[in-house]
Protein chains: 2
Amino acid sequence: MPVTLQDIAAQAGVSKMTVSKVLNGQPGISEATRARVLTTAQKLGYRANAAARTLATGRSDTLGVLVPSLGTQYVSEVVRGADHAATALGLDLLISTTQERPGREGHNVSRLSGGLVDALLIVLPYALHDYAPALLDASLPVVVVGNESPGQPLALVDTDHMAGARLAAGHLLDLGHRRIAFVTGRPDVQASAERLRGYGEALRGAGLPVDERLIVDGDYTQPGGFHATRTLLARLDAGGLPLPTAVFAANDVSAFGVIEALRDHGLRVPGDVSVIGFDDIPQASQVHPPLTTVRQPLPEMGEVAARMLIARLRGGPAPPPRTVLPPTLVLRASTAPRRPH
Amino acid sequence: MPVTLQDIAAQAGVSKMTVSKVLNGQPGISEATRARVLTTAQKLGYRANAAARTLATGRSDTLGVLVPSLGTQYVSEVVRGADHAATALGLDLLISTTQERPGREGHNVSRLSGGLVDALLIVLPYALHDYAPALLDASLPVVVVGNESPGQPLALVDTDHMAGARLAAGHLLDLGHRRIAFVTGRPDVQASAERLRGYGEALRGAGLPVDERLIVDGDYTQPGGFHATRTLLARLDAGGLPLPTAVFAANDVSAFGVIEALRDHGLRVPGDVSVIGFDDIPQASQVHPPLTTVRQPLPEMGEVAARMLIARLRGGPAPPPRTVLPPTLVLRASTAPRRPH
DNA sequence: ATGAAAGCGCTAACAT
DNA sequence: ATGTTAGCGCTTTCAT
């Protein structure tokens, strides 16, 4: 049977209220009483009942985190950042998984928003999940990390994909590359379009034209990158055009496919063609050659999202509709200075 | 402002109690009333307050899961299994991270056990964390997955390390190997000792002596495996003894070190020496050659632990002190039939 | 078939 | 410095 305030009050010979004040560090209690109460609480092994406290205060001092699944670097780093911020600001984190099961989103949102947590941080690493309906009448502050949520306009924290793409293309330009191909991601994903725009901007910024013939459609998958590269090489071949000296793939996974296809074609990476990816997934550092790429600031994204939520709970402004954080270039061995074919 | 039972009752022209009964599917309500209440609840966007319900019932229908951090395969798979079981049995899962920070264990245990959850599932992938003190007076059912917890005797669910080691050694024996070396893990970790025992049993079962000179101390790390192998080779060399034709490393990470050292010595894997690991970490399939190893049944461990806890909550027996689940052999390319040197 | 009363453990607001 | 009262939103028990 759990120990209650009443138990301590009886033991210590004071009222419940006095015990409550002592345990919450409120003023207006004599040192003697305070000490006595603390000792009895300790002795009895008192543990505050979170449900009762939440019910009485209307606050849980807890941030809810909704993730599709555990085990991906994306999720774990975002959560780590959020945990850091929450801990620093005196809140706790409660994580709930949907395990990718459709329908679980709504269920989990309902449960968490029913007094378990004060605000919701939703991590959307890839897919466009369907939290929107349940969120409609969740009257808590919500911030999404990762992807635009369809329908419902929720505050979003994301990587500055355009800046990242500028970084990648800029790196290739710095290495002397002038013919730089781009393998897109999925056209329906916002981030993919932004990465493409960043690529274009970087080229134009360097006074180079954006040659549509150097842009091929991938789909973020390894086979997608492979086939896109094949298509590209065939297209250039047919047109009697020179090969690119560098390829920028919209993500790391498709970059692996790009490298595969280039080798199939007898080209060396980075000897003949440099390749750069985006995301910095764990495998990026383990393939050969280790992949130069752009890293998303995941812990920072979680941290910023958590801070916004907590600020909001403390009377601050509503989280801005869109916050983008700058990614960083991760130099490895798949890019090298241009050497003309 | 959240909608309460009272709001629905007022709108629907009934009492709070009637609404409560309808929402919980209890009998003794006319169809008409039931329908009317359900409609208003829907319309108002009612969402049960978990804190209030927990306080009133004394149950939260939620399982608490304590993990050191996210992002490791170990944790994510165990949680996936636990989630599966919990969902199937009508409970929810709430995950809390300690982010490896000492002291957080106690804090988190206190919070969760204070009415937030009905039972606790602790995932201890590697270190011997310090949950014990806080658990002392947590009056909830607790099961630990992974490692023996120091001091406090808590119900444990783990891999059958000994059976796994027998599997590994048995595989090598099946391939014709007779001189099989063993690189230990950390002596202070129970699992390491069990893996060593399994190795010994397998050899003895095959009528082979256990040669102490073929057993060297590692520490579960890659450098540890590397140095252990060096030591082994030097020792055999000095004694004029033949080299082993196979090495069983107490875990995958140290197996990588073993392979490194063997190659340094001019030996090919698996051409000259076969190497087998334990754990099946993600890298195991990505190194060259892909590592043959033993896989722990992680989702099953989570599932079994969750089921025990839930059974207990429903009046079943206390979880047994120790439950071990059988691992499986994962055949890859680092082992091959014996070819005499 | 429905409702009234009481209480889960805690705290806010107000006495004393 | 301490205690009393009331109530958070829900469910249990017992009436009607």
Side-chain angles (χ1 to χ4, degrees), chain A residues 1-38 40-41 44-62 110-118 139-140, chain B residues 1-38 40-41 44-62 110-118 139-140:
Chain A
M1 198 74 319
V3 182
T4 71
L5 280 194
Q6 189 58 262
D7 299 333
I8 301 178
Q11 273 275 331
V14 292
S15 79
K16 252 175 23 170
M17 208 48 237
T18 302
V19 178
S20 170
K21 281 179 180 158
V22 169
L23 261 25
N24 291 317
Q26 283 173 32
I29 304 287
S30 74
E31 257 327 305
T33 318
R34 177 178 303 278
R36 187 154 34 91
V37 168
L38 249 28
T40 20
L44 264 36
Y46 175 74
R47 186 163 315 231
N49 181 311
R53 173 175 286 165
T54 297
L55 190 56
T57 59
R59 295 176 305 113
S60 62
D61 287 319
T62 301
S110 291
R111 196 170 48 100
L112 287 180
S113 62
L116 270 183
V117 303
D118 296 337
S139 44
L140 327 166
Chain B
M1 197 77 313
V3 182
T4 71
L5 279 193
Q6 189 56 263
D7 299 333
I8 300 178
Q11 273 275 332
V14 293
S15 79
K16 252 177 23 174
M17 209 42 239
T18 303
V19 178
S20 171
K21 281 178 181 160
V22 170
L23 263 24
N24 291 317
Q26 284 172 30
I29 304 286
S30 75
E31 256 327 305
T33 318
R34 179 178 300 280
R36 187 153 37 91
V37 167
L38 248 30
T40 19
L44 264 36
Y46 175 74
R47 187 162 315 230
N49 183 310
R53 173 173 288 165
T54 298
L55 189 55
T57 58
R59 294 177 304 115
S60 63
D61 286 321
T62 301
S110 292
R111 196 169 48 98
L112 288 180
S113 61
L116 269 182
V117 303
D118 296 338
S139 45
L140 328 165

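- A:Y46 is listed as a side-chain neighbour of A:L5, based on a closest heavy-atom distance under 4.5 Å.
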For nucleotides 10-13 of chain C, give me every protein contact, N/O to N/O, under 3.5 Å, one pair per line with atom names.
residue : atom : partner : partner atom : Å
C:dC10  : OP1  : A:Y46   : OH           : 2.3
C:dC10  : OP1  : A:N49   : N            : 3.4
C:dC10  : OP2  : A:L5    : N            : 2.6
C:dC10  : N4   : A:K16   : NZ           : 2.7
C:dT11  : OP1  : A:N24   : ND2          : 3.2
C:dT11  : OP1  : A:R53   : NE           : 2.9
C:dT11  : OP1  : A:R53   : NH2          : 3.1
C:dT11  : OP2  : A:S20   : OG           : 2.8

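- Evaluation of the side chain to side chain donor-acceptor pair (under 3.5 Å) rule for B:T57 yields no partner, not counting sequence neighbours.
- The side chain to side chain donor-acceptor pair (under 3.5 Å) test applied to B:R34 returns no partner, not counting sequence neighbours.
- Listed by chain and residue number, nothing satisfies the side chain to side chain contact (heavy atoms under 4.5 Å, CB included) test with A:A56 (two or more places apart in sequence, or in another chain).
- Going from atom CD1 of B:I8 over to atom CG of B:L44 covers 6.0 Å, rounded to the nearest 0.5 Å.
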Sequence neighbours excluded and cut-off under 3.5 Å, please list the side-chain donor-acceptor pairs for residues 19-27 of chain B, or say none.
residue : atom : partner : partner atom : Å
B:N24   : OD1  : B:R53   : NH2          : 3.4
B:N24   : ND2  : B:S20   : O            : 3.1

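- Residues passing the side chain to side chain donor-acceptor pair (under 3.5 Å) test with B:T33 are B:S30, sequence neighbours excluded.
- First and last contacts of DNA chain D with chain B, using any nucleotide atom under 4.0 Å from a protein heavy atom and ordered 5' to 3', fall at D:dG9 to D:dT12.
- If you check every strand for non-hydrogen atoms under 4.0 Å, A:G58 touches nothing.
- The salt bridge (Lys or Arg N to Asp or Glu O under 4.0 Å) test applied to B:D7 returns no partner, not counting sequence neighbours.
- By the side chain to side chain donor-acceptor pair (under 3.5 Å) test, A:R36 pairs with no residue at all, sequence neighbours left out.
- Residue contacts shown for B:T33 are limited to sugar-phosphate atoms, with no base heavy atom under 4.0 Å away.
- B:D118 meets the salt bridge (Lys or Arg N to Asp or Glu O under 4.0 Å) test with no other residue; sequence neighbours excluded.
- Helix bend of the helix from C:dA1-D:dT16 to C:dT16-D:dA1: the angle between its two end axes, each built from five pairs, comes to 40° after rounding to 10°.
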